[in-house]
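Structure first, then comments.
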2 protein chains.
Amino acid sequence: MLFHFKDKFPQLTAYWDRYLPLQKRMEVPAKTVLLEEGKTSSNYIFIEKGCVRLAFNNNGTDKTVQFFFENEGLTSLESFLKNTPSLFTIETIEPSVIYALPKKHFQDLMTELSVEPGFADMILNIFAERQLHYMHEFVSFIRDTPEQRYQNLLNERPHIVQRVPQHYIASYLGISRVHLSRIKSALARKR
Amino acid sequence: MLFHFKDKFPQLTAYWDRYLPLQKRMEVPAKTVLLEEGKTSSNYIFIEKGCVRLAFNNNGTDKTVQFFFENEGLTSLESFLKNTPSLFTIETIEPSVIYALPKKHFQDLMTELSVEPGFADMILNIFAERQLHYMHEFVSFIRDTPEQRYQNLLNERPHIVQRVPQHYIASYLGISRVHLSRIKSALARKR
DNA sequence: TTCACTTGGTAACATATGTTATCGTTTGCC
DNA sequence: GGCAAACGATAACATATGTTACCAAGTGAA
């Protein structure tokens with residue numbers, strides 16, 4: 001849920017405790033599909049342990065859009081907000097422990113929260129951050145070569161490179177797995 | 001301002017009328033720099049007439065991130081929200097008529113608006129849309145070839161292709177202007 | 001252990017894309 | 001009108017990247 005912003009917005013803590021029982025806790029193996037492409041997203045997912053990817057299928061080839069780890073939350077946003085078929089699949093990469101908050105309770109929470117002072121500011125902050133994140137990704141695509149993009153990943157989010165299989169990373173970078181392999185060996189030779 | 005959402009959120013209209021006098025109206029020629037990379041963004045810009053781009057300089061090469069047209073608003077968001085040096089330049093493409101709302105008044109407006117019923121919902125909607133926009137751009141990069149991306153532009157936002165010089169579009173698509181020219185002639189041959 | 005599956009590396013070749021240079025046209029300005 | 005700058009097309013060549021195929025190591029389940 002929004003609860004991954006607990007640290008930044010302490011007023012959320014009380015809500016977290018109260019909404020905890022409404023969430024469904026699940027322990028799932030790797031490669032478990034939590035939301036299937038084409039179905040409507042009806043849960044907000046919070047990751048207690050493990051790692052998850054947001055992906056889609058393009059003419060039989062699998063493409064990864066984003067990776068999520070412990071204490072992060074996600075959903076297929078457009079589907080969740082607009083009740084439309086999800087363009088994306090949500091799938092675990094490692095065996096994971098996740099909490100699912102049904103949409104109905106999510107909406108209740110939003111209603112409750114909206115009277116909280118500073119709520120608008122909080123929403124603005126949270127969404128601005130996400131927007132800036134995607135915008136930076138976009139800028140990286142038009143500015144950097146794939147090799148530079150891989151180096152950025154290594155420098156800024158090394159946990160992704162460490163925990164995620166390489167072919168997922170390749171599709172996330174927008175290149176083939178063969179080319180990512182080439183990039184890695186080129187970098188190794190440079191040192 | 002947020003006023004480009006007037007149609008979607010009619011409750012904004014009264015505020016628009018009241019804040020209009022606080023905005024600075026400017027008629028500027030093409031290629032006018034409205035915000036320079038490295039300076040702090042202190043205005044929210046609304047376009048009455050003309051067209052504007054958000055861009056940055058990368059080792060001497062100019063890259064365009066986004067295009068804006070009549071009845072759209074923009075700022076260098078990160079700079080505007082966090083008072084940091086802007087990573088981007090804002091520059092007119094055509095001779096334009098723009099309104100600039102100083103940050104101080106923007107903040108006043110937000111404070112006033114926050115008591116308005118449905119405000120949180122409005123903010124969430126606006127930012128969700130922007131987030132989805134950038135996310136779709138990202139997805140397009142990892143899914144489509146440059147040729148497909150150009151066709152998407154032609155189909156979904158033909159006004160951009162019609163009004164914007166080609167080399168800006170090339171950098172926006174993440175390719176060289178020579179390659180965009182090749183793509184165009186390849187498409188022409190196909191028909 | 002064995003077996004199937006996943007993961008990651010590499011080679012060879014095909015294709016896509018960048019770079020540089022040149023040319024003709026258009027546009028804006030004096 | 002004339003000049004400089006912007007714009008867009010194209011060619012030739014260099015480099016980056018995709019595709020297909022093959023191999024080796026690691027992993028997990030029966």
Side-chain angles (χ1 to χ4, degrees), chain A residues 28-33 50-51 53 55 58-64 67 91-96 140-151 153-154 160-190, chain B residues 27-33 50-51 53 55 58-64 67 91-96 140-151 153-154 160-191:
Chain A
V28 295
K31 300 206 179 196
T32 303
V33 173
C51 113
R53 72 195 184 103
N58 184 48
N59 294 97
T61 66
D62 177 282
K63 306 276 184 182
T64 298
F67 302 105
E91 188 186 90
T92 55
I93 294 174
E94 301 173 353
S96 304
S140 174
F141 263 112
I142 67 181
R143 184 189 55 202
D144 302 329
T145 64
E147 176 167 336
Q148 287 170 318
R149 285 172 48 68
Y150 179 69
Q151 290 229 58
L153 208 61
L154 269 179
I160 292 183
V161 180
Q162 286 156 12
R163 292 173 65 174
V164 173
Q166 207 162 292
H167 57 285
Y168 293 152
I169 295 178
S171 76
Y172 173 71
L173 293 175
I175 61 180
S176 68
R177 18 187 205 165
V178 175
H179 193 54
L180 178 53
S181 203
R182 274 194 288 243
I183 286 172
K184 284 181 69 173
S185 59
L187 287 179
R189 247 175 287 122
K190 283 180 186 169
Chain B
E27 298 190 21
V28 296
K31 300 207 178 195
T32 303
V33 172
C51 113
R53 72 194 184 102
N58 185 47
N59 294 97
T61 67
D62 177 281
K63 305 277 185 180
T64 299
F67 302 105
E91 187 186 270
T92 57
I93 294 174
E94 302 173 353
S96 304
S140 174
F141 262 111
I142 66 182
R143 183 191 55 202
D144 302 330
T145 64
E147 176 167 335
Q148 287 170 317
R149 286 171 48 67
Y150 178 69
Q151 291 228 58
L153 209 60
L154 269 180
I160 292 182
V161 180
Q162 285 154 13
R163 292 173 65 176
V164 173
Q166 206 162 295
H167 58 285
Y168 293 152
I169 295 179
S171 77
Y172 173 71
L173 293 175
I175 62 180
S176 68
R177 21 187 203 162
V178 176
H179 193 53
L180 178 52
S181 202
R182 274 194 289 242
I183 287 173
K184 283 181 70 173
S185 60
L187 287 180
R189 246 175 289 122
K190 283 180 186 170
R191 288 185 210 115

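If you're wondering where the values come from, they're calculated on a predicted model, not measured in any experiment.
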DNA chain D: 5'-most and 3'-most nucleotides touching chain A, 4.0 angstrom heavy-atom criterion
D:dT17 to D:dT20
B:Arg177, CZ: over 12 other non-hydrogen atoms inside 6.0 angstrom:
no
Tell me whether B:Lys63 contacts the main-chain N or O of B:Asn58 through its side chain, where contact means a donor paired with an acceptor under 3.5 Å.
no
If you assign each of B:Pro29 and B:Arg182 to its closest nucleotide in DNA chain C, which residue comes earlier from the 5' end?
B:Arg182
Are B:Leu173 and B:Pro146 packed together at the side-chain level, in the sense that at least one heavy-atom pair is separated by less than 4.5 angstrom?
no
Could you pull out the protein-nucleic contacts involving nucleotides 4-8 of chain C (nitrogen or oxygen on both sides, under 3.5 Å)?
unit_1	atom_1	unit_2	atom_2	d
C:dT7	OP2	A:His167	NE2	3.2
C:dG8	OP2	A:Gln166	N	2.5

Does A:Ser185 make a side-chain N or O approach to OP1 or OP2 of C:dG9 shorter than 4.0 Å?
no
Output the rounded distance in Å from CD (B:Glu94) to P (C:dG28).
11 Å
Whether B:Thr92 side chain and B:Thr32 backbone form a donor-acceptor pair below 3.5 Å:
yes
Whichever of A:Thr145 and B:Val178 has the more 5' nearest nucleotide on DNA chain D, that residue is B:Val178
From the options B:Arg189, B:His179, B:Gln166, select the one residue that forms a side-chain contact (heavy atoms from CB on, under 4.5 Å) with B:Lys184.
B:Gln166
I'd like to know if the side chain of A:Ser96 and the backbone of A:Cys51 have a donor-acceptor N/O pair within less than 3.5 Å.
yes
Between A:Pro165 and A:Ile93, which heavy-atom pair has the shortest distance, and what is it?
CD-CG2, 3.8 Å
Which heavy atom of A:Tyr172 sits nearest to which heavy atom of A:Phe67, and what is that distance?
CG-CE1, 3.7 Å
